Amino acid sequence: MSETSLGLTPSQTVGPYLSLGLPWPDGPDVVPAGTPGAITISGTVTDGTGAATADAMIETWQADPAGRFDHPDDPRGAVSPAESGHPEFRAFGRTPTDDDGNWSIRTLLPGALPGQAPHIDVSVFARGLLDRVVTRIYFPEFADANATDPLLAVVPRDRRHTLIAVPDGEGRYRFDVRLRGDDETVFLQL
């Protein structure tokens, strides 16, 4: 075989990734069942054709209901869950999608950060992505804060809805992630 008959090596993509050790039983529980004020956020991850993404993973990171983090990077100083009055709140959630691309986490509504509307940061890992994609979940009941949020202000008006959860019953929200195509979720460049 001559050198000229060899083609280029195809691009490498991530996945299906090795999930050993990534999910854990209470990963979707940012707070335990029965926590007063707990909410559930559920959704589906779909690809550019609208097909369910069965092997994606969702990670969430958020402030507590007072808008504080138990982290040294919080400019106001770290506040432990016990100090904030939510001793079992851990701020971080992780859940794989099921065979139908569905995911769900149980958490508390976040509070506003200085100059920002209440939101939850979301990372999505999925087959075909070389890097995670990052987005945010905002909540419709904070319409005034959403109207002045600096990130939402730079998102075209006709795409902002992809960042705002939809009420889905008492204490429930729906937030679907569309990785590509029509109505693609707005992703942030880090």
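By convention here, the first residue in the shown sequence is residue 1. This is a predicted model, so every value here is computed, not measured.
Each ring-ring contact (aromatic ring centres under 6.0 Å, His included) pair with one or both residues in residues 35-83, not counting sequence neighbours, appears once here: Trp61-Phe69. Sorted by first then second residue, the ring-ring contact (aromatic ring centres under 6.0 Å, His included) pairs that include residues 168-190, not counting sequence neighbours, are Phe139-Tyr173.
Salt-bridge annotation for Asp176 and Arg178: absent, with no side-chain N of the basic residue lying under 4.0 Å from a carboxylate O of the acidic one. Arg160 has no carboxylate O lying under 4.0 Å from a charged side-chain N of Asp149, or vice versa, which leaves the two without a salt bridge.
Partners of Phe89 under the ring-ring contact (aromatic ring centres under 6.0 Å, His included) rule, at least two apart in sequence or in another chain, do not exist in this structure.
If you take CZ on Arg106 and CG on Asp26, they are separated by 9.5 Å, rounding to the nearest 0.5 Å. Arg136 contributes atom CZ, which lies 11.5 Å from atom CD1 of Ile120 (distance to the nearest 0.5 angstrom). For the atom pair CG (Leu22) and CE (Met57), the distance works out to 4.5 Å, reported to the nearest 0.5 Å. Note: Gln116 CD to Leu152 CG = 10.0 Å, rounded to the nearest 0.5 Å. Atom OG1 of Thr35 is separated from atom NE2 of His86 by 10.0 Å, given to the nearest 0.5 angstrom. Atom CD1 in Ile164 sits 8.5 Å away from atom OG1 in Thr162 (nearest 0.5 Å).
In this structure, His161 and Val166 have side chains that are not in contact, with every pair of non-hydrogen atoms separated by 4.5 Å or more. Two residues are said to be in side-chain contact when any heavy atoms from C-beta on lie closer than 4.5 Å; Ser104 and Pro28 fail this criterion. Contact check for Asp64 versus Leu108: no side-chain heavy atoms found under the 4.5 Å cut-off. Counting heavy atoms from C-beta on, the side chains of Glu88 and Pro32 come closer than 4.5 Å. Between Phe125 and Glu59 there is a side-chain heavy-atom pair separated by less than 4.5 Å. Two residues are said to be in side-chain contact when any heavy atoms from C-beta on lie closer than 4.5 Å; Ile58 and Ile105 fail this criterion.
Only one option out of Asn146, Ile137, Leu151 pairs with Leu163 in a side chain to side chain contact (heavy atoms under 4.5 Å, CB included); it is Leu151. For the side chain to side chain donor-acceptor pair (under 3.5 Å) with Arg174, the qualifying choice from Thr44, Thr40, Asp168 is Thr44, the only one to do so.
The two atoms that bring Ala52 and Asp100 nearest to each other are CB-O, 3.2 Å, heavy atoms only. Annotation for Gly67 and Leu113: closest pair O-CG, 4.1 Å, computed over non-hydrogen atoms. Pairing each heavy atom of Arg68 with each of Gly77, the nearest pair is NH2-O, 2.8 Å. Annotation for Ala126 and Ala56: closest pair CB-CB, 3.9 Å, computed over non-hydrogen atoms. Scanning both residues, Ala145 and Pro118, for their nearest heavy atoms gives CB-CD, 4.1 Å.
The cluster map of Ile, Leu, Val, Met, Phe, Trp and Tyr, joined by side-chain heavy atoms under 4.5 Å apart, puts Leu179 and Ile41 in the same cluster.
Panel note: side chain Arg172, backbone Ser42; no donor-acceptor pair is recorded below 3.5 Å. Proximity of a side-chain donor or acceptor of Arg90 to a complementary backbone N or O of Asp29 within less than 3.5 Å is detected.
Within 6.0 Å of the CZ atom in Arg159, the count of heavy atoms belonging to other residues, nucleotides or ligands exceeds 12. By the 6.0 Å contact criterion, CZ on Arg76 is enclosed, its count of non-hydrogen atoms from other residues, nucleotides or ligands being greater than 12.
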TODO: Evaluate the side-chain contact (heavy atoms from CB on, under 4.5 Å) criterion for residues Thr97 and Asp55: first the C-alpha distance (whole Å), next the side-chain angles of each, then the deciding distance (0.1 Å), finally the verdict.
DONE: CA-CA 6 Å; Thr97 55; Asp55 55 358; 5.5 Å; no
- [ ] Could you check Thr60 against Val122 for side-chain contact (heavy atoms from CB on, under 4.5 Å), going step by step and ending with a plain yes or no?
- [x] CA-CA 5 Å; Thr60 61; Val122 179; 4.3 Å; yes
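Using modelled atom types, one finds a donor on one side chain and an acceptor on the other under 3.5 Å when comparing Arg132 with Ser123. Using modelled atom types and a 3.5 Å distance limit, the side chains of Gln62 and Thr107 yield a donor-acceptor pair.
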